[in-house]
Every structure is written in structure tokens, then in C-alpha cells.
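Note on naming: letters A, B, ... go to the chains in the order of the sequence lines (proteins, then strands), and numbering restarts at 1 for each one.
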Amino acid sequence: MADQLLDQLRDVVEGKIDFEGQKLAERIVNFALSLVGAIAFLAGWLLQDIKLAVYLGLVGTAAVFLIVVPPWPFFNKNPINWLPVAVVAPPVNLVIDEKMLK
Amino acid sequence: MYSSLVRVQNTFGFFTTVVCVVAALIAATDFLAPRTPSVGVIKPTNVQVVKGRPHYYSPKKEEYAIIKFSLDADLSSLFTWNTKQLFVYVTAEWPSAPGQNATNQAVIWDSIITSPSADHLANLGPIAKKKLIRSAQGKSIDPSRGKLSIRNQRPKYQITHPSGKMAEIEDVVLRVHYNVQPWVGVLTWNQDTDFFKWKAIKKNVSKRFSLPAIKKREEGGARKIDASH
């Protein structure tokens, strides 16, 4: 029971996501952070307010962290289906090092 | 990006890149903002030369010039969103005797004018600071702080010379200088030629004047000068 709980906790903390999710996370980070930087710069410049630029940048970055870091379900929509572990009989006539396997 | 820790590291890594780029853009906007500083009036109003000591126990007596002055200046165009503070200072300059060091220049007064975005950093007491912050409430920049009108200002610093002689020096001028200290970007220092949209400061030198002879000891004892601070 305790082992099971610990395993679950470890999975949540480690936060593994699948390959498609990793691709998506990378794209979100690049796009969203660039957008946050552009918005912070333009808003600060147009309103001539450097504090606004700093706060927009920090709040936007915090939001990106919140979206990307936890292993949200939409990062795990394409789990890899591993082949089942099966006892397979070695095929006949398999040649390894030019020796016939019996 | 397979685990939370890697995602934290990657996101933070790209965040630092974005910060650098945005900071560079902010610094670049300085060059798009016109700067047209000008000085209306810079003139000495009262000039004295007195004897004093560099510090209390010094056996050496030197002459000190006390130059009161008036200054009208419009530096409001120097305040943009990227201006952290403006450092304004007035120097006295006079030619040296032949064969001596080429320039005599000494600061007699200076002042830091903060932008509203830097008011919390101002070196003021709590009440004065609260007043300063309130004066710009709701404003992100306050160019009106760049309009200076100072009458008969006492100098912050009494000036002397390595020779200890200050009396009856001729051809002294007062000169107004400024530094723009930005939040990010280049510190502008002694800009005396036009640079694209940044115009050089106009009429920042006073007319020539002469320092008087040493002031005689007045009745009831002259004020002593301690220039060690």
C-alpha cells in the first residue's frame, strides 16, 4: 500500500509525458515566451511604463511555467504501446555467427 | 522535455534569452527618443574666496571659492520610459597658468533627479521619499522634473586648487553637465556633439567672471570652512 502511494507520488513529481507531448511542450514554450516578451516590450513602450513591461514579462513567464511544467493530461494523449512481454520460441533456422541454432 | 525538471530547465533557459532580447530592444528605443536639453540661465550670483583648512587638524591653510549660482534648464526631454535617473552637475572651469596642468575643473554642485520608476531608490528620508512618490502618483514618467529653476543656490562643494591659491583667478566659467542613467542600455556621458536625434546641450556655459580677493575677517569672527566632507 505504502509502496503504491510512493510510486504514484514519484510519478507525479517526475512528471513524465509522452513523445508527442514533449514536442507540444517545446512548441508552447518557444511560442508563448516569445509572445510574452513581445507583448511586454510593446505595451511598455507604447505606455512609456517600464514597470509594466517587467510585470507583464514576469507574470506571463509564470503562466507559461504553469502550463508547461506539470504533466497535464493533454501531454499524455499518445502513450507508447509497448509490445507485450511474451515467451516466444526461437525461430527455426536462425543463423548467428554462421552457426545453426538448434 | 520528458520530465518536469527538464521542462523547468528548458523554460527558464528560453526565458533568459527572451529577457536579453527584450532588454536590447528597450535599450534601442533610447535612440528613437529625441533629446533636446537646453540651459536658459547659468550665472554666478555671489562669489567669495575665503581661507580654510582641508580638515580640522590640518596645519595647511588653503583658499576656497564659494560660488553661488542661478540655473534655469529644460532637461525634460531626457526623461523616457528607460530613464532611471538623471545626474545634473555644475562645474567651475578656468585656464591654468602657463606651464601648468592644462585644465582646472571642479564640481561645485550636483543633483540626482529620479524618474518615477526609480523613486523607491532615491536617497531620501522616509517622509521626503513618500512625498516624492506621491508627486508622481499614476505617472510612469514625469518630464516636468527635468525643468530646473534654481535661484542663488549655495554650492554643495567649496573648491580649491592644489596650489592652495584661489583668489583673483580670472576667466572662470560655470558649465552645466548631465548624465542620463538608463534602466538598460548605455550611460550617456558628456555628449557635446549632436548624435542623430540626440542634440548636444545648448548654452550650458556661463559668461566669464573673476574670483574676488580673499574676504577679510568680519566682526565677530569669520565662518570657518571644513572641506573634509
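- With a 4.5 angstrom heavy-atom cutoff, A/K51 touches chain B only via side-chain atoms.
- Heavy-atom contacts from other residues, nucleotides or ligands closer than 6.0 Å to CG of B/N123 number 12 or fewer.
- Around atom CG of B/L187, more than 12 heavy atoms belonging to other residues, nucleotides or ligands sit under 6.0 Å away.
- Results of the side chain to side chain contact (heavy atoms under 4.5 Å, CB included) test with A/W45 over B/L32, B/L25, B/I26, B/T80 single out B/L32 as the only residue that passes.
- Within residues 54-64 of chain A, the residues having any heavy atom closer than 4.5 Å to a heavy atom of chain B are A/L58, A/T61, A/V64, listed by residue number.
- With chain A as the partner, the residue from B/I141, B/N82, B/T29, B/N10 showing the most heavy-atom pairs under 4.5 Å is B/T29.
- The number of heavy atoms from other shown groups lying within 6.0 Å of CZ (A/F74) is above 12.
- Side-chain contact check for A/Q22 versus B/V6: every heavy-atom pair is 4.5 Å or farther apart.
- Atom OH of B/Y2 has 12 or fewer neighbouring heavy atoms from other residues, nucleotides or ligands inside a 6.0 Å radius.
- Considering all non-hydrogen atoms of both residues, B/S4 and A/P71 come closest at OG-CD, 4.1 Å.
- Within 6.0 Å of atom NZ in B/K129, more than 12 heavy atoms from other residues, nucleotides or ligands are found, so the atom counts as buried in its surroundings.
- Only the side chain of B/V18 comes within contact range of chain A, judged by heavy atoms closer than 4.5 Å.
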Note to self: Could you walk me through whether A/D49 and B/W81 satisfy the side chain to side chain contact (heavy atoms under 4.5 Å, CB included) test, starting with their C-alpha distance in whole Å, then the side-chain angles of each, then the deciding distance to 0.1 Å, before giving a yes or no?
What the structure shows: CA-CA 5 Å; A/D49 189 345; B/W81 73 313; 5.9 Å; no

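- Between chain B and the residues A/N30, A/D18, A/L47, A/V36, the largest count of heavy-atom pairs under 4.5 Å involves A/N30.
- B/S3 approaches A/E14 most closely through the heavy-atom pair CB-O, 3.2 Å.
- Scanning both residues, B/R7 and A/P70, for their nearest heavy atoms gives NH2-C, 3.8 Å.
- Looking at A/A32, there are no atoms closer than 4.5 Å to chain B (heavy atoms on both sides), in backbone or side chain.
- The most heavy-atom pairs under 4.5 Å with chain B, out of A/I50, A/L52, A/V29, come from A/I50.
- Around atom CZ of B/R208, no more than 12 heavy atoms belonging to other residues, nucleotides or ligands sit under 6.0 Å away.
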